[in-house]
2 protein chains.
Amino acid sequence: MSWQAIGIFDSGVGGLTVLREITKALPQEDTIYFGDTARVPYGTKSPETVARYSREITSFLVRRDIKLLVVACNTASAVALNGLKREFPIPVVGVIEPGARRAVAVTRSGRIGVIGTTGTIKSSAYTRAIKRLKPDACVLTRACPLFVPLAEEGWTDNQVAHLAAQAYLQELKDAGVDTLVLGCTHYPLLKTVIAETMGPGVTLVDSAEETARTVAEILAKKKLLRPAVENGNHHYYVSDIPAGFIRVGNRFLGGRLEDVYQVDLDNDGEEC
Amino acid sequence: MSWQAIGIFDSGVGGLTVLREITKALPQEDTIYFGDTARVPYGTKSPETVARYSREITSFLVRRDIKLLVVACNTASAVALNGLKREFPIPVVGVIEPGARRAVAVTRSGRIGVIGTTGTIKSSAYTRAIKRLKPDACVLTRACPLFVPLAEEGWTDNQVAHLAAQAYLQELKDAGVDTLVLGCTHYPLLKTVIAETMGPGVTLVDSAEETARTVAEILAKKKLLRPAVENGNHHYYVSDIPAGFIRVGNRFLGGRLEDVYQVDLDNDGEEC
């Protein structure tokens with residue numbers, strides 16, 4: 001059992017920030033990552049469509065015998081997590097619950113901001129998760145649709161990024177939040193400009209670390225951890241041709257991306 | 001024969017600018033529009049993936065017995081047009097050839113700029129089309145990945161849009177182009193800021209009008225025009241739920257969007 005891999009999926013390359021933290025915390029584990037690069041982004045799509053895509057990808061990963069699934073995409077975590085938990089017989093971990101837990105742990109004033117894609121924000125999933133943990137929290141949210149294309153364009157610290165950050169974040173700043181959840185796996189790339197805009201009094205919460213901790217806990221409890229004898233292997237599948245994924249992904253992981261394969265999910269997830 | 005509809009497709013809502021011009025030129029014609037809203041955008045995806053999506057959509061429209069297909073998406077026109085022409089037994093019209101024809105007609109200096117998505121610009125399709133018509137033209141191109149999200153966010157005339165336009169267009173301006181092709185159906189929404197950035201000496205070319213003229217010519221030549229007795233009917237199909245398409249589409253067409261249906265192309269194009 002314990003040599004089964006951890007499955008991780010995202011709409012594209014962003015979930016690699018979560019993979020990085022998992023391999024830091026559990027270097028001995030094998031991983032299989034799926035990036036749905038042919039259908040990215042999920043953030044602007046309807047819950048029904050995102051849920052369907054998530055099911056297709058999970059089926060593909062379950063056929064590869066994973067022992068645990070990480071939904072490393074905030075939009076899919078927001079709209080598809082409960083359905084996946086019901087439908088598949090393995091532990092399923094999203095990024096929203098861990099992000100919410102961390103936010104509640106670090107806030108002093110109880111005023112928490114959350115930014116993400118339109119899909120994530122519309123779902124209110126962070127607000128619900130935070131309120132479950134801390135019913136008196138005041139949660140303020142804002143969709144920032146330009147942040148993903150800015151991160152992918154590499155405009156992470158120029159004047160356009162600063163102005164966009166101001167336009168999106170000024171309201172949250174004025175409202176006096178002391179904690180800001182980066183509710184999209186791309187946003188850590190814009191950390192500098194977001195931190196500068198919000199000022200030194202605001203703590204930024206990146207879900208990736210807390211998600212990795214949750215994965216380690218669950219595997220330990222279920223006695224599914226692989227013994228730490230050697231480093232794990234990492235495989236990557238994408239739905240578009242791998243070139244773009246490899247180029248951007250190397251920025252995320254530091255030049256370690258190998259074994260990237262393209263699959264056609266429309267043909268029952270068989271590799272093409 | 002002449003009561004068959006004109007089929008039009010785009011990755012999303014942008015192609016409605018082309019539909020609008022076609023219904024202006026040929027108000028008696030029925031149209032069927034397909035917006036691939038579940039898989040939008042195409043501009044960042046590989047040619048192979050865009051070609052596959054284009055074939056799926058064309059099959060869907062041909063099963064609905066269209067008499068002519070308009071590929072109202074620059075990326076798909078750039079990478080999939082020749083394949084579609086070979087594979088399907090109806091006339092297929094893209095937006096690149098008409099845009100190139102217009103640019104060559106209006107340029108005085110022969111220095112022509114082209115802006116579009118990464119996919120369109122990488123394909124060099126505009127450069128080739130312009131050079132075929134005017135071999136001594138000097139064609140300068142630039143991908144502007146932020147323009148589509150800016151248009152969809154409605155940030156079409158604010159400071160972020162102006163700075164982004166400057167960052168993308170300054171080089172073309174400095175190079176002295178006198179004509180700029182808006183090589184993406186979303187870009188007409190940013191016409192004001194693009195025109196201001198380029199200055200009064202530069203003519204902007206929007207392919208939609210010229211594409212409508214081409215459609216009228218082909219239908220006339222093939223004797224497929226519908227007699228102008230009454231106005232045509234317009235049907236819309238989308239691959240994601242219709243709400244977002246209707247909301248943004250009404251801005252494009254002025255509140256006339258009805259009969260929008262969702263289809264699942266993965267299930268052989270049967271309606272769901």
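Each chain gets a letter, A, B and so on, in the order its sequence line appears, and its residues count up from 1.
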> Taking all non-hydrogen atoms of both residues into account, name the closest pair between Gly94(B) and Ser77(B) and its distance.
CA-OG, 3.5 Å
> Is the terminal nitrogen or CZ of Arg64(A) (NZ for Lys, CZ for Arg) located under 6.0 angstrom from the six-membered ring centre of Tyr237(A) and within 45° of that ring's axis?
yes
> For salt bridge (Lys or Arg N to Asp or Glu O under 4.0 Å), just list the numbers for Glu48(B) and Arg52(B), CA-CA rounded to whole Å, side-chain angles, deciding distance to a tenth of an Å, and then say yes or no.
CA-CA 6 Å; Glu48(B) 292 78 1; Arg52(B) 178 159 62 87; over 6 Å; no
> Does a side chain donor of either Thr127(A) or Ser124(A) reach within less than 3.5 Å of an acceptor in the other side chain?
no
> Name, in order of residue number, those residues of residues 158-166 of chain B that have a heavy atom at a distance of less than 4.5 Å from a heavy atom in chain A; otherwise write 'none'.
Gln159(B), Val160(B), Leu163(B), Ala164(B)
> Once you measure the plane-to-plane angle for Tyr236(B) and Tyr33(B), does it fall in the parallel (<30°), tilted (30-60°) or perpendicular (>60°) bin?
tilted
> Taking the side chain from Thr156(A) and the backbone from Ala151(A), do they hold a donor-acceptor pair closer than 3.5 Å?
no
> For Tyr53(A), is it the side chain, the backbone, both, or neither that has a heavy atom closer than 4.5 Å to a heavy atom of chain B?
side chain
> Is it the case that Arg39(A) places NZ or CZ above or below the six-membered ring of Tyr42(A), under 6.0 angstrom from the centre and within 45 degrees of the axis?
no
> Between Thr118(A) and chain B, with a heavy-atom cut-off of 4.5 Å, which part of the residue counts as in contact: side chain, backbone, both or neither?
neither
